[in-house]
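Note sheet for the following structure.
Note that this is a predicted model, so its numbers are computed, not measured. So that the names make sense, note that chain A is the first sequence line, chain B the second, and so on, each numbered from 1.
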2 protein chains.
Amino acid sequence: MSKPEIHTMEELSAAIGVSRPTLSRYFQDPTKVSRSSVERIQRGLEQVDYTPNFFATRMNRKTTGMIGVIIPYLNDLFFTRLLESIEKAAMTAGYTVITQCSHSDPEIEKRAAETFLSMNVDGAIVAPLGDESDLKVYERLNARLPFVMMDSRPGTLANVDFVGTDHPQSTGLITEYLCRVGPPPIFLAMPRVNFNAMERERAYIAKMDELGFDPVVVGTEAVQPLWHFEAHGLAVLSDLFAKGQFLTSSVLCVNDRVAIGALRAATDHGLEPGALRKGGLRIAGHDDYPLCPYTTPTLTTVAQNVALIGQTAVDRLLEKFRAENKSENQVVHLIDGTLKIRQSA
Amino acid sequence: MSKPEIHTMEELSAAIGVSRPTLSRYFQDPTKVSRSSVERIQRGLEQVDYTPNFFATRMNRKTTGMIGVIIPYLNDLFFTRLLESIEKAAMTAGYTVITQCSHSDPEIEKRAAETFLSMNVDGAIVAPLGDESDLKVYERLNARLPFVMMDSRPGTLANVDFVGTDHPQSTGLITEYLCRVGPPPIFLAMPRVNFNAMERERAYIAKMDELGFDPVVVGTEAVQPLWHFEAHGLAVLSDLFAKGQFLTSSVLCVNDRVAIGALRAATDHGLEPGALRKGGLRIAGHDDYPLCPYTTPTLTTVAQNVALIGQTAVDRLLEKFRAENKSENQVVHLIDGTLKIRQSA
DNA sequence: CAAAGACTTTTACATGCGTCAACGATAAGG
DNA sequence: CCTTATCGTTGACGCATGTAAAAGTCTTTG
């Protein structure tokens, strides 16, 4: 960069002969400055290297143009897709997204929330960690900011906007499908610390009851670190196979990552899960993880509409920005899942 | 929140009877304030709800305590693992990580770099997009900040620190392995826009030459959107199978995601890739994607030491912080890959 | 040609906190 | 009890920009 560096608007204003406040207005919205000044400023900017200081601008503006997003895990393509759709929606609306990951640690989640408050973000979107989270963190955000909870939610939290999949619908859909085309499925669950995992488990049981079948739930004990979903599915199913159980049943997994582990367990035991093998083992998941079309066999699942969830969360936040403090009622968006029938069930 | 909210240090200082500068020093480092003041302040903080303003603190400090990180894709577990290791290393060192994703768009990558400059981050770590990136963006960052490039690098960029896998070593390792235990592999490449993809391709050719085999490279034409690696592997290999080629060869894929697509192609064509099938099709990848132990067959690959790469990148940045402007020479850390022998080859 | 009107620009103050130099208090030494 | 050294405290200024109100400027109208 051979261009001389200029660090403040003051210097810039001296360099190109336009007053500093005019420059300030130019950088916020060039149309608020007269045609002639715009040209003078633009000619000037070509000569030097200057960008307004991020902190100084944000500190004084009423609105920071920033949205804070917290997700629980990073190493999960479901959340990265969600994040991607949020970032794109926010970018389109002219907002900057600041992402923080809780890394499965409630303490980090709490710190991230405090950071957002101290940054005066315009709003926050949070996908909560689960049972171990401090609910006060969410209440605090909700009380002080436009706030939307996403993906999963604690049952006890009142008056918080929510956007996520309609799990009774989505899990009901695949449960019904599995029952229709083969033996009724058992449910390969997870330790009951994740709100969605619990919702899906309940939805499975409700649908089974409705259809007149006996629900069977396995895998609620933690045998692996919580976020190693594949390892969990593998361990639970391997264990059952070793005992000679469920070798020719249907298995509905709480999510696709668990299902991928389950597929491995099945293959390890010489089984080939698939819809075509009437009466044989079938395995299905939930989410439509991006790798589902590439597993062997390809994985039957229910797709969450990730793009719509992210977009809706941002849209709802934007609504709240406009509504200011006209205290509205709680808004809950439940989005339908879509059956993705592939080879595994 | 029944606690009264306090928005400025000024108010807080009035509320608990300690001068504002003392509070300022307390929040930066409590040991710089006398024992008695610390107690007064802590008692006061229990009564009210206050956090120092993020922007105001950052604007005035010489050092912002922030590290900017840019990664090219989000929907890739390799990068999320890298990000995770960076965040943990940075957190341990007391730094806050601000992450931006380029979403495969050089324009976004450029904006992210500008944002970091305007935020006065203490340093930046960038995993570049590839051939389409504007190299001036990296030069600009390197000239103005402690800067480390990570994962892959443009060949033409001089005097920039780098941390990444030693691809001649890692790719050489698996090429040699494949040649040793079976027929010499063809290389399932990618369009030549990704620096690492090119490095691995060259490393494969070099090793094949060294071993006296004829290198064969396929898949350099783009048939899918660039970042759909699995779809690329599937499409390229399916195409070749349809023409009756390479049905019983070995295939070294440029990375594991491509290999996962290749596995699917093989299975679709009734083939069962595996090391045990002497003379039959074998498929291997590169990276040790977290799902490799769960694919069918489990995927043989070379692991990149993600944790070490992330840690080293942060460490190097910290070194540069201390070194100030004592212009040191360029430092390049090349980290060995490790062979992960599984079922597929 | 003067006055009114519609914009622009500028003046002056505000934002929330870091930092230094001067100040004050406290404890050790005589 | 007074002096000196030490350490923590505070007043005053600085940081890079936003913003409301006052002061231009130029065009339009009577």
Side-chain angles (χ1 to χ4, degrees), chain A residues 5-42 44-45 48-66 96 114-122 144, chain B residues 5-42 44-45 48-66 96 114-122 144:
Chain A
E5 281 178 30
I6 285 202
H7 287 286
T8 74
M9 271 193 193
E10 202 76 54
E11 287 176 37
L12 183 65
S13 111
I16 65 181
V18 176
S19 81
R20 195 188 56 69
T22 300
L23 287 175
S24 170
R25 292 190 10 267
Y26 170 81
F27 283 111
Q28 290 178 61
D29 182 358
T31 68
K32 294 206 155 191
V33 173
S34 71
R35 198 96 205 90
S36 59
S37 293
V38 169
E39 281 169 20
R40 270 249 289 282
I41 293 171
Q42 287 179 340
L45 285 178
V48 300
D49 192 13
Y50 169 77
T51 316
N53 181 290
F54 188 88
F55 297 126
T57 59
R58 262 49 175 199
M59 188 171 76
N60 290 326
R61 267 203 270 262
K62 320 194 153 137
T63 162
T64 55
M66 301 181 357
T96 302
E114 290 303 321
T115 302
F116 288 160
L117 287 175
S118 77
M119 292 200 310
N120 294 326
V121 295
D122 290 340
R144 306 218 344 208
Chain B
E5 281 178 30
I6 285 202
H7 288 287
T8 74
M9 272 196 191
E10 203 76 53
E11 288 177 38
L12 183 65
S13 112
I16 64 181
V18 176
S19 80
R20 196 187 56 71
T22 300
L23 286 176
S24 171
R25 287 180 28 259
Y26 170 81
F27 282 111
Q28 289 179 61
D29 182 358
T31 68
K32 296 205 151 192
V33 173
S34 71
R35 198 98 204 91
S36 59
S37 293
V38 169
E39 281 169 20
R40 269 248 290 283
I41 294 171
Q42 286 178 341
L45 284 178
V48 300
D49 193 13
Y50 169 77
T51 316
N53 180 291
F54 189 88
F55 296 127
T57 57
R58 263 45 175 203
M59 189 171 76
N60 290 323
R61 267 203 270 262
K62 317 194 157 140
T63 162
T64 54
M66 301 181 3
T96 301
E114 290 303 320
T115 302
F116 288 160
L117 287 174
S118 77
M119 292 200 308
N120 294 326
V121 296
D122 290 340
R144 307 223 339 212

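Every side-chain contact (heavy atoms from CB on, under 4.5 Å) that A:N120 has, sequence neighbours left out, goes to A:T64, B:N53. Scored by the side-chain contact (heavy atoms from CB on, under 4.5 Å) test, B:T57 finds B:P52, B:R61 as partners (sequence neighbours excluded). Residues meeting the ring pair (Phe, Tyr, Trp, His ring centres under 6.0 Å) test with A:Y26, sequence neighbours left out: none. Not counting sequence neighbours, B:N60 has no partner by the side-chain contact (heavy atoms from CB on, under 4.5 Å) test. With sequence neighbours left out, the salt bridge (Lys or Arg N to Asp or Glu O under 4.0 Å) criterion links B:E114 to B:R140. In this structure B:F55 satisfies the ring pair (Phe, Tyr, Trp, His ring centres under 6.0 Å) test together with A:F55, sequence neighbours excluded. Applying the side-chain contact (heavy atoms from CB on, under 4.5 Å) test to B:S118 and every residue at least two apart in sequence or in another chain returns A:T51, A:F54.
Residues from residues 15-23 of chain A lying near DNA chain D, meaning a heavy-atom separation below 4.0 Å, are A:R20, A:P21 in numerical order. Of the residues in residues 30-38 of chain A, those lying under 4.0 Å from DNA chain C by heavy-atom distance are A:V33, A:S34, A:S37. For DNA chain D, the residues of residues 52-65 of chain B within the heavy-atom distance limit of 4.0 Å (strictly under) are B:M59, B:N60, sorted by number.
Look at CD on B:E10: it is 10 Å from P on C:dG16, rounded to the nearest Å. Following rounding to the nearest Å, A:R25 (CZ) and C:dC7 (P) show an atom-to-atom distance of 13 Å.
Panel note: side chain A:R40, backbone A:V18; no donor-acceptor pair is recorded below 3.5 Å. Formation of a donor-acceptor pair under 3.5 Å by the B:D122 side chain with backbone atoms of B:T63 is not found in this model.
Within the nucleic acid shown, B:S24 comes within 4.0 Å of at least one base atom, counting heavy atoms only. Counting any heavy atom pair closer than 4.0 Å across all strands shown, B:Q28 reaches sugar-phosphate atoms only and no base atom.
Within the structure, every pair that satisfies the salt bridge (Lys or Arg N to Asp or Glu O under 4.0 Å) test and touches residues 18-27 of chain A, not counting sequence neighbours, is listed here: A:E10-A:R20.
In 5' to 3' order, the nucleotides of DNA chain D bounding all contacts with chain A (an atom under 4.0 Å from a heavy atom) are D:dA16 to D:dA20.
Contact check, B:Y50 against C:dG16: no side-chain N or O comes under 4.0 Å of OP1 or OP2.
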